[in-house]
Enquirer: 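Let me give you the structure first, and then I'll get to my questions.
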Amino acid sequence: MYLVSARLRAADPRTPRDVPHPADVRLSLWDAADPADRLEHVYARHAPPSSVEAVLFLALPTLADAERAADRLLARCTVGGRRLDRWSTVPLTTLVELSAQRADPR
């Protein structure tokens, strides 16, 4: 499982009313998903000053497969006339390990 973070492309920060709701971003990503993308879950939240960040959980065997699938999915998805750009891709196991290290009081 890989986590791919994405962010809506920049718009004019003076027009925050144009920022879609995170639920609309999630729905748009699900609508654009193809079974080959192996999308398991989508998390989205507002990102200052006028954007939305999304995290895609992709059940694919390699980092390269996850990045290619994410790029294809993001290319098919538009939200309010804006596209999402991929920011990073992390194996879920690495994220869990990092979280455990931060929680270790030693």
Side-chain angles (χ1 to χ4, degrees):
M1 177 82 62
Y2 288 87
L3 281 67
V4 178
S5 65
R7 183 178 264 203
L8 278 176
R9 287 190 184 155
D12 185 346
R14 296 169 294 181
T15 57
R17 68 184 175 281
D18 293 337
V19 178
H21 193 277
D24 294 332
V25 172
R26 282 192 301 273
L27 182 58
S28 294
L29 285 162
W30 279 113
D31 287 346
D34 184 87
D37 298 328
R38 306 279 309 272
L39 182 63
E40 295 287 326
H41 180 71
V42 177
Y43 171 78
R45 68 180 183 99
H46 285 288
S50 60
S51 190
V52 175
E53 291 177 338
V55 178
L56 314 175
F57 292 71
L58 302 172
L60 289 160
T62 69
L63 175 66
D65 291 339
E67 288 177 334
R68 281 191 297 270
D71 289 343
R72 287 190 308 265
L73 172 55
L74 295 174
R76 291 190 302 267
C77 182
T78 58
V79 183
R82 296 164 65 186
R83 294 208 179 272
L84 293 116
D85 290 324
R86 178 170 49 94
W87 279 41
S88 66
T89 307
V90 178
L92 181 58
T93 54
T94 301
L95 188 63
V96 171
E97 290 167 1
L98 289 172
S99 295
Q101 287 175 0
R102 287 185 187 149
D104 190 358
R106 288 184 269 166

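Residues: numbered from 1 along the sequence shown.
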Enquirer: Going by side chain to side chain donor-acceptor pair (under 3.5 Å), name the pairs with one or both residues in residues 27-38, residues two or more places apart or in two chains.
Expert: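 Sorted result for residues 27-38: Asp37-Arg76.
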Enquirer: Could you give me the CA-CA distance, side-chain angles and deciding distance for Val4 and Leu58, then say whether side-chain contact (heavy atoms from CB on, under 4.5 Å) is met?
Expert: CA-CA 8 Å; Val4 178; Leu58 302 172; 3.8 Å; yes
Enquirer: From Arg82 CZ over to Leu8 CG, what is the distance, rounded to the nearest 0.5 angstrom?
Expert: 5.0 Å
Enquirer: Give the minimum heavy-atom separation between Leu60 and Ala36, together with the two atoms involved.
Expert: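 Of all heavy-atom pairs spanning Leu60 and Ala36, the closest is CD2-O, 4.2 Å.
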Enquirer: Which value, rounded to the nearest 0.5 Å, describes the distance between Leu84 atom CG and Leu73 atom CG?
Expert: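 Spacing of CG (Leu84) from CG (Leu73) equals 8.5 Å.
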Enquirer: Would you find a donor on one side and an acceptor on the other, under 3.5 Å apart, between the side chain of Tyr2 and the backbone of Leu63?
Expert: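 Side chain of Tyr2 to backbone of Leu63, a donor-acceptor pair under 3.5 Å: yes, one is there.
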Enquirer: Just by modelled atom types, is the Arg86 backbone N or O under 3.5 Å from a matching donor or acceptor in the Arg7 side chain?
Expert: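 Side chain of Arg7 to backbone of Arg86: no pair is present.
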Enquirer: Distance-only criterion, 3.5 Å: show the donor-acceptor pairs between side-chain atoms of residues 39-47 and protein atoms not counting sequence neighbours.
Expert:
residue, atom, partner, partner atom, Å
Arg45, NE, Glu53, OE1, 3.4
Arg45, NH2, Glu53, OE1, 2.7

Enquirer: To the nearest 0.5 Å, how far apart are CG in Leu3 and CE in Met1?
Expert: 8.0 Å
Enquirer: In terms of side-chain geometry, is the basic nitrogen of Arg68 or Asp71 positioned less than 4.0 Å from the acidic oxygen of its partner?
Expert: no
Enquirer: If I take atom CG from residue Leu74 and atom CG from residue Leu29, how far apart are they, to the nearest 0.5 angstrom?
Expert: 6.5 Å
